[in-house]
There are 2 protein chains.
Amino acid sequence: MDAKTLALYEARAQVFKALGHPSRLLIVDELMQSERCVCDLTAIVGSDMSTVSKHLSVLKAAGVVQDERRGAQIWYRLRMKCVTKFFSCVESELQKQAREQWDLVHAGTTP
Amino acid sequence: MDAKTLALYEARAQVFKALGHPSRLLIVDELMQSERCVCDLTAIVGSDMSTVSKHLSVLKAAGVVQDERRGAQIWYRLRMKCVTKFFSCVESELQKQAREQWDLVHAGTTP
DNA sequence: CAGTCATTTGGCTAAACCGCCAATTGTGCA
DNA sequence: TGCACAATTGGCGGTTTAGCCAAATGACTG
């Protein structure tokens, strides 16, 4: 894998890595509904504001969200809109797998 | 966020976290074409086989891939098929953002 | 321009992650 | 059974990440 290809894969990986944390998923979930200021998100996530701010900078660096200052507040909105589709996909796949797992266990207990 | 909701978000986050590494993205990319044994993937990724094996166990734990032993070899295939769509989405979004960035810089240099 | 509110940054510790090596397990074959 | 090959597991050092607190920045208000 040459350097250029690696850089490509790293940029893509950065997006998924940014989504790979419960608090950040919650934030994205919230931003799917409407834009929010940091204070809103802090209340929703329930961590320190500095922690939430760092989560937001991770999402921003990956290109997932976008920020805009309006007066003293900074508002965040979803930039990478298509992530919406990821969620439903992952959700349904995980449910399917849970169902398969369940079937497997049941087949074992009642042969 | 109650415990049950947190567990849900953690399961989803696990999927994205699994995809959040260049080598693992490369592996998934490869598995999108066809199933592969660990020896194949080791050659493609170019790391130690133990490293690749651990990457695979991460992907498997997240439900992204599935393994099957055939003789002395173990074959991996894509389980969460819909991740295919993530890639094109992320790819086009990143390109769009790069383009916007370029436009921005150009507008600044030639006002 | 002092004070206050919203947000980010720096610094710290604990935990998680990456990649390699060495050792172990599982499979097929003589 | 003994050997060779495929793959996983355990363990180590170095790097990254998470969360909190404290301090700094930015912006409005009197």
Return yes if some donor-acceptor pair links the side-chain N/O of A:R36 with the main-chain N/O of A:V38 below 3.5 Å, else return no.
no

By side-chain contact (heavy atoms from CB on, under 4.5 Å) - contacts of A:K96 (at least two apart)
A:E93, A:R99, A:E100

Do B:L8 and A:V90 sit in one hydrophobic cluster, given that two such residues count as connected whenever their side-chain heavy atoms are within less than 4.5 Å of each other, even indirectly?
no

It should be established whether A:H21 places a side-chain nitrogen or oxygen under 4.0 Å from OP1 or OP2 of nucleotide C:dA16.
no

Check whether any side-chain N or O of A:R79 sits under 3.5 Å from a backbone N or O of A:Q66 as a donor-acceptor pair, and report yes or no.
no

Derivation of the side-chain contact (heavy atoms from CB on, under 4.5 Å) call for B:M80 and A:L94:
CA-CA 9 Å; B:M80 201 173 284; A:L94 289 180; 4.2 Å; yes

Parallel, tilted or perpendicular: ring planes of A:F16 versus B:F87, cut at 30 and 60 degrees
tilted

Could you go through nucleotides 9-12 of chain C and list every protein N or O atom that sits under 3.5 Å from one of its N or O atoms, giving the distance for each pair?
{"unit_1": "C:dG10", "atom_1": "O6", "unit_2": "A:K54", "atom_2": "NZ", "d": "3.1"}
{"unit_1": "C:dG11", "atom_1": "O6", "unit_2": "A:K54", "atom_2": "NZ", "d": "2.4"}

Between residues 70-80 of chain B and DNA chain D, which residues have a heavy-atom gap below 4.0 Å?
B:A72, B:Q73, B:I74, B:Y76

Rounded to whole Å, how long is the line connecting atom CG of B:D67 with atom P of C:dT27?
13 Å

Bounds of contact between DNA chain D and chain B, in 5' to 3' order, using a heavy-atom cut-off under 4.0 Å
D:dA6 to D:dG11

Beyond-backbone contact of B:L25 with A:E10, side-chain heavy atoms, under 4.5 angstrom:
no

5' priority, DNA chain D, between B:R69 and A:R24 [closest heavy atom]
B:R69

With sequence neighbours excluded, give me every ring-ring contact (aromatic ring centres under 6.0 Å, His included) pair touching residues 30-59 of chain B.
B:H21-B:H55

Checking the side chain of A:S92 only, and the main-chain atoms of A:S88 only, is there a donor and an acceptor separated by less than 3.5 Å?
yes

Counting any heavy atom closer than 4.0 Å, what does B:K60 reach on the DNA or RNA strands: base, sugar-phosphate only, or nothing?
nothing

Please check: side-chain N/O of B:E30 versus main-chain N/O of B:I44, any donor-acceptor pairing under 3.5 Å?
no

Separation of atom CG in B:L59 from atom P in C:dC18, rounded to whole Å:
11 Å

Answer yes or no: is there a side-chain heavy-atom contact under 4.5 Å between A:V83 and A:V28?
yes

With a 4.5 Å cut-off on side-chain heavy atoms, are B:L59 and B:L31 touching?
no

Between C1' on C:dT7 and CG on A:L56, what's the gap in Å once rounded to a whole number?
10 Å

Quick check on contacts: within residues 25-40 of chain A, what sits under 4.0 Å from DNA chain C by heavy-atom distance?
A:C37, A:V38, A:C39

When you group the ILVMFWY residues by side-chain heavy-atom contacts below 4.5 Å and let the links chain together, are A:W75 and A:V64 in the same group?
no

